[in-house]
Number of protein chains: 2
Amino acid sequence: MSETSSATGHTSDIGSTRVAAYLREAILGGELRPGDRIRQEEVAERLGASRLPVREALRMLEAEGLTEHEAHKGARVPRLSPHEVDVVYRMRERLEPLALAESMPQLGPDEHARLEEVQQRIEDNEDLEKFLDLDREFHMLTYSGCHIDPLMSNVTRLWNSTQHYRRAFVALGGRSRMWVVNSEHRLILDAVVRRDADDGERFLGGHIRRTRIELSHHPEVFG
Amino acid sequence: MSETSSATGHTSDIGSTRVAAYLREAILGGELRPGDRIRQEEVAERLGASRLPVREALRMLEAEGLTEHEAHKGARVPRLSPHEVDVVYRMRERLEPLALAESMPQLGPDEHARLEEVQQRIEDNEDLEKFLDLDREFHMLTYSGCHIDPLMSNVTRLWNSTQHYRRAFVALGGRSRMWVVNSEHRLILDAVVRRDADDGERFLGGHIRRTRIELSHHPEVFG
DNA sequence: ACTCTAGATTTTGGATCCAATCGGTGTCAG
DNA sequence: CTGACACCGATTGGATCCAAAATCTAGAGT
């Protein structure tokens, strides 16, 4: 962690953005878990900033679905109920095929090659945390041709808010389910290369749907 | 009325919330239009507050899809391209039926009566701005049994970000299209009362879809 | 021993002041 | 006359201090 393009501080590398990046890493990386409280002063001191950019950062993260606020009670990492996670997956099931359909016509040979490479890395990978990153990269890459901000930010929110439960899920599932994931990814990748939007939507929807159903059979994820 | 509730529920009467409510009204009411810049100091002075709660409010509104930020360039009301609006409607087409399906089982006679009353008010109404509020109230009421925050806040965002274009659309369409809206609302209302989720999803999807298609035939809305 | 209340501590919300950055304008060189 | 550059006003970002609210703790009363 703690990368964040420090040396060549180019563009809008303002403090609140750096604080947001730090907290984002901490939440998505699992160091901050659902229900954990985030104290402004603690973060401010740790990053050598004042509380103000921390407040701004927390608002940004709220917009990304990574934190929630209550009046004078501060910020927390949202804890989702099993049913809420189920509905979030149903939302993904409906929204992401749309993003894929918007994206596919814009993707060229470069993106196709990059997708193939990422999928290969997923299949060669053994590490759990790495899988979470690579899987996300794969899907986001398939959406990278979709430049509709309201859609992409929503998709990002949905991934963000369920990241912790996805980690818990693959952690207990192990690699027994891996081959299913990979075969589904291959189907999606093939549809993308063929530019068959209908197949892409269908396979992607099935991919998310299967994950949702399997997740619903494992309530221990929500311990 | 319509108070928007912001779906994220972190409301009190603290300053930033009041500022947010003021700006929200201004944007949804049409006084601030897409592309307009919002200067912190101006708002602060007008409301007798300092710039800090204004900054917080702008972040909240950003989370609701009502403003957008750029590094040192300040806040603006987002301007959506025709294609972006089209995609937002496609998103609504997929998400809102889900919200309705989640909500319907929770709605009782009280909500049904209130829905009937609001729909009647829509049919009796003549005013344009009133229609926007009532229409929103009708749909939000049908979703009021859905307590999944990630879903409801997304739906709210989608309505927020297209409010201006909806106004421009009904403004030029006039009452010629009114009877279609009302008959579709009646179909939805009937499905809700019968607790037929499948019919509800179908009619609602069609309602939004028809609006999207008609909107796509009127590019002058985006003048 | 238990509960309810009141004060103390902690934490968030807000105001003011200062620093950094952006936009526009005017000037000078070609 | 035109374009580039530099300066200046305007505007946003950040730090510190103070006020308000919530939580925690300790004590008194039953």
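Order of the sequence lines fixes the chain letters, A, B, ..., with proteins taken first and strands second; residue numbering starts at 1 for each chain. All values derive from a computational prediction rather than experimental measurement.
Going from atom CD of Glu41(B) over to atom C1' of dC18(C) covers 14 Å, rounded to whole Å. Distance CD (Glu56(A)) to P (dG14(C)): 13 Å, rounded to an integer number of Å. Glu70(A) has its CD atom 13 Å from the C1' atom of dT23(D), to the nearest Å.
Judged by distance alone, with hydrogens and angles left aside, Arg51(A) brings a side-chain donor or acceptor within reach of the base of dG13(C), the pair sitting under 3.5 Å. In this model, no side-chain donor or acceptor of Arg55(A) finds a partner on the base of dG14(D) within 3.5 Å.
Here dT12(D) is the nucleotide among dA15(D), dT16(C), dT12(D) with the atom lying nearest to any side-chain atom of Arg37(B). Of the listed nucleotides (dA15(C), dG13(D), dT16(D)), dT16(D) has the atom at the smallest distance from the side chain of Ser50(A).
Within 4.0 Å of Arg39(B), counting heavy atoms only, lie sugar-phosphate atoms of the nucleic acid but no base atom. At a threshold of 4.0 angstrom between heavy atoms, the contacts of Ile38(B) are confined to the sugar-phosphate backbone, with no base atom among them.
For the pair Glu111(B) (side chain) and Gly108(B) (backbone), a donor-acceptor distance under 3.5 Å is present.
Asp110(B) and Arg114(B) are not joined by a salt bridge, as no carboxylate oxygen comes within less than 4.0 angstrom of a charged side-chain nitrogen.
Closest-nucleotide positions on DNA chain D for Leu52(B) and Lys73(B) were compared, and the one nearer the 5' end corresponds to Lys73(B).
Within a 6.0 Å radius of CZ in Arg46(B), other residues, nucleotides and ligands contribute 12 heavy atoms or fewer.
For the OP1/OP2 pair of dG13(D) and a distance below 4.0 Å, the side-chain nitrogens and oxygens of Gln40(B) include at least one atom meeting the criterion.
Rounding to the nearest 0.5 Å gives a distance of 10.0 Å between OH of Tyr89(A) and CZ of Arg210(A).
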